[in-house]
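Presented below is the structure to which this report refers.
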Amino acid sequence: MEIDDLKKAHAALTDRALPEEDTDKFIECLLERGPYSMDLINHRVRLDEQEAAEMLEKELKILEKLKEERARLLNEMDQLSKTRKAVRGYSPAFPFPSMPIYFDSTE
């Protein structure tokens, strides 16, 4: 594959990944892009200033989306951990906490 075709394929996959709302599809596009990235690195492709600036801007946007996804996953894992602790504390023998008994001694 020629260098220009590598650049175009990499850019097309990047452009397809960025607007993607579904995280699985976003990650899938990034994984498809991996071999093209490695080919660009292995061929030591030179970029002009404008191409480098555009690629850097897109990569920073990708990093932001990945950071947001990481934060969301960590939050979800924390919630699942708390739920698991609550479920573990449940006992079928005593499903409800004991109720205090009040006696009215005035009667």
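- For the pair Glu51 (side chain) and Asp48 (backbone), a donor-acceptor distance under 3.5 Å is present.
- When all heavy atoms are compared, the tightest approach of Arg16 to Cys29 is NE-SG, 3.3 Å.
- Taking Ile, Leu, Val, Met, Phe, Trp and Tyr as hydrophobic and joining them when side-chain heavy atoms fall under 4.5 Å apart, one finds Ile41 in a cluster with Met38.
- Remark: the backbone N or O of His10 is paired with a side-chain donor or acceptor of Thr14 at under 3.5 angstrom.
- Rounding to the nearest 0.5 Å places CG of Leu56 at 11.0 Å from NZ of Lys61.
- Leu47 and Ile3 fall within the same hydrophobic cluster, defined by Ile, Leu, Val, Met, Phe, Trp and Tyr side-chain heavy atoms under 4.5 Å apart, directly or through other members.
- Salt-bridge annotation for Lys82 and Asp78: present, with a side-chain N of the basic residue lying under 4.0 Å from a carboxylate O of the acidic one.
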For this session: Evaluate salt bridge (Lys or Arg N to Asp or Glu O under 4.0 Å) for Glu69 paired with Arg72, printing each intermediate quantity in order.
Result: CA-CA 5 Å; Glu69 180 62 18; Arg72 187 189 67 77; 2.6 Å; yes
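- Under the 4.5 angstrom side-chain criterion for Ile, Leu, Val, Met, Phe, Trp and Tyr, the cluster partners of Leu66 are Leu18, Phe26, Ile27, Leu30, Leu31, Ile62.
- Other residues, nucleotides and ligands contribute over 12 non-hydrogen atoms within 6.0 Å of the CD atom of Gln79.
- Expressed to the nearest 0.5 Å, how far NE2 of His43 lies from CD of Glu2 amounts to 10.5 Å.
- Distance alone, capped at 3.5 Å, is enough to place a donor-acceptor pair between the Lys65 side chain and the Glu20 backbone.
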